[in-house]
Amino acid sequence: MSEAFLEGLNPEQLRAVTHGDGPLMILAGAGSGKTRVLTHRIAWLVQHAGVDPRSILALTFTNKAAREMSHRVETLLGTTATGSWIGTFHSICLRILRRHTDLLGVGRDFAVYDVDDQRRLAKRVVKELNLDAKKFKPAALLAGVSRAKDTGQGPDDMEVPPYPATLVKFYTAYQKMMKEASALDFGDLLLETLKLFSRHPCVADHYANRFKYVLIDEYQDTNRVQMLLAERIADRWGNLCVVGDDDQSIYGWRGADLDNILSFSQRHKETTTIKLEQNYRSTSPILDAASTIISNNKGRHAKKLWTDREGGEPIRLHEAATEEEEALWIVAMIDQLAQQGYQPGEIAVLYRTHALSRPVEEALIFSGIPYVVYGGLRFYERREIKDALAYLRLAVHPDDPVALTRVINLPTRGIGARTVDLIFKHADSHETGLWDGARLAIEEGALTARAAKAVGGFMEMVEGWRATVESTPLDQLIERILVESKYRDHIEKDGDERSSDRLENLAELLSAAEAFEKEGGGGATRFLDRVALVSDMDRAGDTFSAVTLMTIHSAKGLEYPCVFISGMEEGIFPHQMSMDEEGGVEEERRLCYVAATRAKEHLHLSYSRIRRVYGNQSEYRIPSRFLSELPGMAPSVAKINPYARPPGAEPQVQQVTGEEEGGNYYLPDPEEASYSTGMKVRHPRYGIGVVTQAQGLGPSAKVTVEFGSTAKKFIAGMAKLEILVT
DNA sequence: TCGACCGATTTTTTT
DNA sequence: AATCGGTCGA
């Protein structure tokens, strides 16, 4: 029996990996090798302790983490398909629920609603309850519902004081409609599994008996329902192993309860606690900075993270005048790092909110550095994809109100809001599903002849798909849907400049369906499940040749040799929205700690003095309080302006770079450059072109240049645009 | 019922 | 900037 995988572990890691039976809590500081410990522990259980892989359950937060874990376990054990269940809480719960649909209160092929679906349904509910949508915002009500679900409360569990009566009323109506829709949202996936377990103890026992070892990653981010679920399964054998770090708890807004990890050893008698405090990731300047920031939080678990990686690059901070300039600085530093030999894939730019990606993206585009943005608008969240999938959902479950209202009049078929409302009313008064409601509305002559004909035609079309949904390969079915619904025609014809993108996305959806069929298929419901739970994020880290841009939340669990954190400003980081909440700023500070500890060798921070909000108006900003918490890092220190002239130097001499195509071109000093329409310029890659648009002055000016038939946009300071001497 | 137009309004993070 | 909802004329 080979135990080579125990080599190279430090004593604490070894103790955690080779812990036998009984509850185990591993408090793993950032970069202390916790993923290594988890995977090695699974390998050790199987190989050394003779545990059947099928009796291991490992729960993670992201699909990516789950995949990485399975992959690493496979590598260690040298086998594939070990039979362990490794997945996110949500996907594991969905798997369980699908196996016991007969015991659930929802239909067989229930749908999984994502945030967008939830929002649409919430709007419908607000409308049906005759609430003033201005006073009671669907999104806010929904947030209240999600929070309730995270803590395990159904609508009946909520006492009216302290909870607002409207919220409870909304929650009740929302759940009713979800049930009619045969749909579960993310919160339901967890809560319904817990309910399934308590209503049918034999089902729970089945899983409890099977899973002798339960491991949970990122335990500090579990909510109450997740904790109860894990305990219900694990308490049979008592082998619950949790890994977490209270300093990295950043999902409080999603119902994560820090108390889960803080009180673990009280809930589980004879818990073995192991602390992993040696950081293998970051140099000491980085670790020191991160530790200093987090030390400003109160009520932390005592811990002292240390590293033996002495020395290393100091942290850099840059104050920019504008967001464009901030982006330019980042790109200039990336260039510098590239010259030092770093690959683009070793660099990440992190930010608090997606909106901050834009200026950085633009600067990267213009300098030709490859990059990938994670998160943001995901593939399956794109409008055309959601539309197409709504048709597919109707084929599976025609009562789905969100899917129905989404596409019943898309493209327009003469079925307006009035008709849709009538259908809802009929379904309601006859206590039937929407589909029968529509049928009844026609039969009872409630609709105008025109509307009745339109609705009838639509229903016939959907019934046609419905008849073959089981027997037709998915890609063929979707193709048929796109044609018969005339949705593709609609996209083709709408004259929007984005329509070719949309068509491409639809083609990509078809190839995803085809790939799904090739992998073994499993029907439309399984395809839709996957779509609901899998995000683009799962590809993060697959790209080695591009700079990665993402939010700090997405970056959790990842590491990069070089990390930039942009937008270090009050109101952004800490975010405005977090400031009036209890403990909000502390969570932001933990987020800052997470961000800083992603870096192995280089950490670069930046902020801008002026930032545009909502496109139009600019706001003055002040540096983040987290910066002033760093000693020797007062915002005025370490100002770096890559375009600054050395003191006393003359303005950059205009550099004549050559003579061709009838003129001399020179590369202007970015500070001095000014571009205007009609000017002839030369770009190293695209050649000679004509300026068709120029916005702004100095290095942050935006210039549009036409090269023959193609137009390109540049930022003056980045693009090496030479100007024709006249 | 449709589409054009206008004004108001943007919760930050994710399964 | 971009999107969403409401209004109004055809």
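Numbers restart at 1 for each chain; the letters A, B, ... are given by sequence-line order, proteins then strands.
- Both geometric conditions, a ring-centre gap below 5.5 Å and a plane tilt below 30°, are not fulfilled together for Trp253(A) over the base of dT12(B).
- In this entry the distance linking CZ of Arg450(A) with P of dT1(B) reads 9 Å, nearest Å.
- Across the interface with DNA chain B, nearest-nucleotide mapping of Glu587(A) and Thr419(A) shows Thr419(A) to be the residue nearer the 5′ end.
- Nearest to the side-chain atoms of Val115(A) among the listed nucleotides dT13(B), dG3(B), dT15(B) stands dT15(B).
- Rounded to whole Å, the distance from CZ on Arg590(A) to P on dT13(B) is 18 Å.
- As a whole-Å value, the separation of Tyr251(A) OH from dT15(B) C1' is 8 Å.
- Looking at heavy-atom distances under 4.0 Å, Ile415(A) makes contact with sugar-phosphate atoms alone, never a base.
- dT13(B) atom P lies 15 Å from atom CE of Met550(A), rounded to whole Å.
- The aromatic rings of Tyr351(A) and His354(A) sit perpendicular to each other, their planes meeting at more than 60°, with 30° as the lower class boundary.
- OP1 or OP2 of dT13(B) has at least one side-chain nitrogen or oxygen of His354(A) nearer than 4.0 Å.
- Put simply, CD on Glu381(A) is 10 Å from P on dT14(B), counting in whole angstrom units.
- Near-neighbour residues of DNA chain B inside residues 565-584 of chain A, defined by a heavy atom below 4.0 Å, number-ordered: His575(A), Met577(A).
- Side chains of Tyr251(A) and Asp150(A): a donor-acceptor N/O pair is absent below 3.5 angstrom, by distance only.
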Nucleotide N/O to protein N/O under 3.5 Å, stretch nucleotides 4-7 of chain C:
unit_1	atom_1	unit_2	atom_2	d
dG5(C)	OP1	Lys123(A)	NZ	2.6

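- Using a 4.0 Å heavy-atom criterion, one finds that Phe61(A) contacts the sugar-phosphate atoms exclusively.
- Summarising the geometry of Thr88(A) relative to Phe61(A), their closest heavy-atom pair is CG2-O, 3.7 Å, with the distance given to 0.1 Å.
- Between Asn409(A) and dC2(B) there is a side-chain polar atom (N or O) within less than 4.0 angstrom of OP1 or OP2.
- When distances run from any side-chain atom of Arg378(A) to the nucleotides dA2(C), dT15(B), dT13(B), the shortest one goes to dT15(B).
- Listed nucleotides: dT11(B), dT10(B), dT15(B). Nearest to the side chain of Arg254(A): dT15(B).
- Side-chain N/O atoms of Asp400(A) and Tyr113(A) include a donor and acceptor closer than 3.5 Å.
- Rounded to whole Å, the distance from CD1 on Ile552(A) to P on dT14(B) is 11 Å.
- In this structure, a donor-acceptor pair under 3.5 Å is absent between the side chains of Glu323(A) and Ser608(A).
- Within 6.0 Å of the NZ atom in Lys179(A), the count of heavy atoms belonging to other residues, nucleotides or ligands does not exceed 12.
- Side-chain proximity of Ser554(A) to the nucleotides dT14(B), dT10(B), dT13(B) is greatest for dT14(B).
- Taking the ring centre of Phe424(A) as origin, the terminal cationic atom of Arg124(A) falls inside the region bounded by 6.0 Å and 45° from the ring axis.
- The distance from atom NZ of Lys137(A) to atom C1' of dA8(B) is 11 Å, rounded to the nearest whole Å.
- Proximity of Thr551(A) to the phosphate of dT14(B): a side-chain N or O atom is located under 4.0 Å from OP1 or OP2.
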Working for side chain to side chain contact (heavy atoms under 4.5 Å, CB included), residues Arg67(A) and Thr60(A): CA-CA 10 Å; Arg67(A) 244 210 337 248; Thr60(A) 64; over 6 Å; no

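- Distance Leu558(A) CG to dT14(B) P: 12 Å, rounded to the nearest Å.
- The side chain of Arg418(A) has dT1(B) as its nearest neighbour among dT15(B), dA1(C), dT1(B).
- Using a 4.0 Å cut-off between charged nitrogen and carboxylate oxygen, Arg526(A) and Asp109(A) do not count as a salt-bridge pair.
- By the 4.5 Å heavy-atom criterion applied to side chains, Asn297(A) and Ile294(A) are counted as neighbours.
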